[in-house]
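Written below as structure tokens is the structure these notes are about.
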Amino acid sequence: MSKRLYAAIAAGLLLPGAGPVLAIENVDINGFFTVGATRSDSSSIESENGNISNEIGFEQDTRIGLQVYADINPAMSVTAQILGDNRQGGSFDAEFDWAFVSYAFNDNASLRGGKIKLPTFLISDYFEVGYAYPWIRPPAEVYSSNPINAISGVDALLRANLFGSTDILVQPYFGVSKGDEALLPQEVVTAAPPNGLGAPSGTVVYAEFEAENMIGVNVALSGDAFTIRAGYLQTEVSAPDLGVTEAEDVTFASVGATMDWHNVIGYTEYFERDIEGLANAAFPNQKGWYATLGYRFNRFLPHVTYAQLRDDSSSGDLATGVEQDSLTLGLRYELAAGAALKLEAQRVEPESGSRGLFMAPVDDINIYSLAVDVIF
Amino acid sequence: MKKNVATFLALTVAGMLSQASQAELAVVVAPSVNVDSISLDQLERLYLDKSVSGLQGAKLTPVDHKQGSAQRQEFAQKVMGKTERELASYWSRVMFSGKGQPPRQYSSDAEVIEQITADPGKVGYIDGASVTEGTKVILRIP
């Protein structure tokens, strides 16, 4: 191997960053990578996706993404992201997470069509890009509540500069979600029909469902030191696998804010989801929130997060409620521009009798995680 | 007098030392581009892929230097008030959410000049000492 190649490899490993790996005329390729290890102190219970157990495992957080951006002409571009991970508790697999064509009417208005990441929360758009946020995993009490990952449809990005450095983004969208865009970790209460999943009682499997006529809007106000956002969506959900053959109305509302002000880092979000009719048997009504506070000391960012997930039903859900609280202490260390090392200790307390976000009911559980995030 | 000479020498040496890390940057476009000046605020928004008003209606495409280069570190600090680590964090959120693309990066002042002259409509920044006949300086950043 030539010296130059060694140098190139060393440079690639040591100096990752925002510059594209490859820039052919009109095409940029960038990527992100996380390698992460987890271990819990529970001898019997695993996380609901089967990825976190009491043995050191790399399944939960290890993933790679490649993003390809191509200019077609000054107004049109195509962007696609390929993601390889263990998302559904299965083996490592890569697929297109999203891909869309974008048409810009001007600097402030563009239309996108294709498979689009659903902007449910502050960081849903880049949920897999660990480098882009402080935690190893965004708080599951909130981020697990919308099992829809992407929609096939259209959205518009409408921006305006309100004053100074304060900008607003209004993002209406419309589409459908099905197949691997919409997977629900479903507790198998009984192996008998109608669940039809053929898995033993007490385990968790991923059930596909369909969300049709999804219409929603994401509004974000951002300045130098803060972003405030709110979102609302409604859709009609059916899940034949789970015996829900009629489409039922679902609404989902969320608000959140983040700040990065004089080295003080804060994130907070709240959501409510409401599911009508039989679909409620598969998806209980929920509400949840979290708050994160951190302080940046040069390359170190220690942070603390409290999060809560609750059933939100006045008349009683058909489904078993999934409730838990968690406290997370984390530390992020900047290795270089484009690389971060993270450590986390998390205490999760499912409500008594609830499985929380685990396979089955469990007492309080501690989860320890370590990850390295890189973008290139 | 001796004291003055000593002060002069000290200032010169200090000046030379700071010259190495704090060179003047020049923001340049092709001479045919219908923009004669740009503010720091407009420049910052342009390089963060945010809409820019003014600029005599011209639409400018920013051209960047390689991450880690002296020019880029200085530009990030002087124009955006950010470190390159903070810029990497910003672009990771914007780019990987599919909402914007960072400016293309080039290896030298000469490559940046080549880009802006070959494709009027592009804007770049270079070391103040690298300004050539074929470029128009629209802002000097001391």
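Residue numbers begin at 1 in each chain, while the letters A, B, ... track the order of the sequences. Scope of the values below: all heavy atoms of this structure, side chains included, with no hydrogens, waters or symmetry mates.
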Contacting region of B:K59 [heavy-atom separation from chain A under 4.5 Å]: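 Only the side chain of B:K59 comes within 4.5 Å of chain A.
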Can you name the closest pair of heavy atoms from [X] and [Y] and give their distance?
{"X": "B:V52", "Y": "A:D107", "result": "N-OD2, 4.3 Å"}
{"X": "A:W98", "Y": "B:F96", "result": "CZ2-O, 3.4 Å"}
{"X": "B:S97", "Y": "A:Y126", "result": "CB-CD2, 3.8 Å"}
{"X": "A:G338", "Y": "B:A88", "result": "N-CB, 3.9 Å"}

Output, in order, the C-alpha distance, side-chain angles, deciding distance and verdict of side chain to side chain donor-acceptor pair (under 3.5 Å) for B:S51 and A:N108. CA-CA 7 Å; B:S51 67; A:N108 289 320; 3.1 Å; yes
Side chain, backbone, both or neither: which part of A:F100 has an atom under 4.5 Å from a heavy atom of chain B?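 A:F100 touches chain B through side-chain heavy atoms alone.
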Between A:L169 and chain B, which part of the residue has a heavy atom less than 4.5 Å away: side chain, backbone, both or neither?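 Answer is side chain: those atoms of A:L169 sit under 4.5 Å from chain B.
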Mind checking whether [X] and [Y] have side chains closer than 4.5 Å, heavy atoms only?
{"X": "A:N161", "Y": "B:R45", "value": "yes"}
{"X": "A:V129", "Y": "B:M95", "value": "no"}
{"X": "B:E86", "Y": "A:R296", "value": "yes"}
{"X": "B:W91", "Y": "A:I375", "value": "no"}
{"X": "B:R85", "Y": "A:R299", "value": "yes"}

Are the side chain of B:Q101 and the backbone N or O of A:Y69 linked by a donor-acceptor pair below 3.5 Å?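 No, because the side chain of B:Q101 does not come within donor-acceptor range (under 3.5 Å) of the backbone of A:Y69.
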Judged by atom type as modelled, is there a donor-acceptor pair below 3.5 Å linking the side chain of A:R112 to the main-chain atoms of B:G98?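 Checking the backbone N and O of B:G98 against the side chain of A:R112, a donor-acceptor pair under 3.5 Å is found.
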Quick one: of A:A80, A:A132, A:P119, who has the most non-hydrogen atom pairs under 4.5 Å with chain B?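 So the answer, after comparing A:A80, A:A132, A:P119, is A:A132.
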Is it true that B:R104 and A:D28 make a salt bridge, defined as a side-chain N closer than 4.0 Å to a carboxylate O?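 So B:R104 pairs with A:D28 through a salt bridge.
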Is it the case that over 12 heavy atoms from other parts of the model lie below 6.0 angstrom from the OH atom of A:Y295?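 Correct, the count exceeds 12.
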Spacing of CZ belonging to A:F32 relative to OG belonging to B:S92, to within rounding of 0.5 Å: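 Reported to 0.5 Å precision, the distance equals 10.5 Å.
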Option that, when pairs with chain A are counted at under 4.5 Å, heavy atom only, ranks first among B:K99, B:E84, B:E44: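 If we count pairs closer than 4.5 Å to chain A, B:K99 comes out on top.
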